[in-house]
Amino acid sequence: MKRKLLAGAAAFVIVAAVVLGGIKLYRIHQMNQSGILLAFDDYSEDSWRANFELFSEYGAKVTFFVNLSEPTEFCYDAEKEGHEIGFHTVEHVNLKEATEEAVYQQAIAPIEVFRKEGIELTTFAYPYGAQTEQLDEMLLEHYNVVRGAYHLELHGKHELRKGFVDSMSLDNANFDSQEAYEQKIMEVLNELKGGKGRVAAFYSHVIGDGEWCISTDRLEFLLRKAKEMGLQFYTFQELQYW
């Protein structure tokens, strides 16, 4: 009986070691895996919702930075799909031109409104990319991450836990042709693929054919190529808790 107990204990230790070792290796793999932070700004419920299936097809989770005074049904549906709701002020205000009280009412007070309705806002995106260090300091007392615009910089995942993050626009207006768009996307994806644990942040607005939109073809090109290259799509929020 004693031998059986000892044998059982030894087997348990071996199994536990294998499981814990597997978990550790998995965590290391996850930390080393590079990926993309894809976001959409303002509030374009119809075009965003219409592409839930496309995001799902490619395993893409995205962040929707909304201009709202309170959550809508879309916010809850997006979270059910695995996406994140971030914030973009109530009325798309240029915070560099706003008073301190206006900054509070437009960007900070809504956090509690959303929280009471079951949505935690932990990521903020500046309208017009109008960012200053003073605004960063004020907003980072209430958000984990604040996101800028217009610039691309590859960030280590650890940088997404707290602080300012740059982001590049994918709007149609920023590319002279489909070829120019694809060339830039592949340049960034190849750089991500060549590193460990890095992320690139992209954003657009409406999914469509206007200037300040990303066309469905261009969006799908990014999703397809990222998947083919083994890159992950992350929300800002999930990386804040790694």
Electrostatic pair R147:D41 at N-O distance under 4.0 angstrom: yes

Checking side-chain hydrogen bond (donor to acceptor under 3.5 Å, both in side chains) for the pair E211/N172: CA distance, chi angles, key distance, verdict? CA-CA 5 Å; E211 282 192 330; N172 297 325; over 6 Å; no

Given 3.5 Å as the limit, does a donor-acceptor pair link the side chain of T235 with the main chain of K61, or not? no

Looking only at non-hydrogen atoms, find the nearest pair between E79 and G118 and report the distance. OE1-O, 4.3 Å

Does D136 reach the side chain of Q131, with side-chain heavy atoms less than 4.5 Å apart? yes

H155 NE2 to L239 CG distance, which is reported to the nearest 0.5 Å: 11.5 Å

Compare all side-chain heavy atoms of Y76 with those of E81 and state whether any distance is below 4.5 angstrom. no

Minimum heavy-atom separation for F74 to I85, with atom names? CE2-CD1, 4.4 Å

Listed partners of Q183 passing side chain to side chain donor-acceptor pair (under 3.5 Å), at least two apart: none

Can you run down the ring pair (Phe, Tyr, Trp, His ring centres under 6.0 Å) pairs that involve residues 167-204, sequence neighbours left out, and say none if there aren't any? F175-Y181, Y203-H205

Separation between CG (L170) and NZ (K184), nearest 0.5 Å, reads 11.0 Å

Set of side chain to side chain donor-acceptor pair (under 3.5 Å) partners for Q105, sequence neighbours left out: E101

Is there a side-chain contact between L160 and L37 in this structure, where contact means two heavy atoms from C-beta onward sitting under 4.5 Å apart? yes

Backbone N or O of R198 within a donor-acceptor pair of the S34 side chain at under 3.5 Å? yes

When you compare the side chain of M138 with that of V103, does any pair of heavy atoms fall below 4.5 Å? yes

Test S215 against D209 for side-chain hydrogen bond (donor to acceptor under 3.5 Å, both in side chains), laying out the working first. CA-CA 5 Å; S215 69; D209 295 323; 4.9 Å; no

Under the side chain to side chain donor-acceptor pair (under 3.5 Å) definition, can you give me all pairs with a residue in residues 109-119, not counting sequence neighbours? E112-R115, R115-E120

For a 4.5 angstrom cut-off between non-hydrogen side-chain atoms, does F236 reach F65? yes

Heavy-atom donor-acceptor pair, N51 side chain to S47 backbone, under 3.5 Å: yes

Tell me, please, which residues at least two apart from N190 pass side chain to side chain donor-acceptor pair (under 3.5 Å). none

Mind checking side chain to side chain donor-acceptor pair (under 3.5 Å) for S167 and listing every partner two or more places apart, or none if nothing turns up? none

Under 6.0 Å between ring centres, would you say that holds for Y128 and Y126? no

Check this for me: E228, atom CD, are more than 12 non-hydrogen atoms of other residues, nucleotides or ligands nearer than 6.0 Å? yes

Please examine the side chains of T123 and V165, heavy atoms only from C-beta on, and report whether any two atoms are closer than 4.5 Å. no

Does some side-chain heavy atom of Q237 sit less than 4.5 Å from a side-chain heavy atom of T63? no

Minimum heavy-atom separation for L121 and I111, please, with both atom names. CD1-CA, 4.1 Å

Any side-chain heavy-atom pair from L139 and L95 closer than 4.5 angstrom? yes

From T122 atom OG1 to F114 atom CZ, the distance as rounded to the nearest 0.5 Å: 12.5 Å

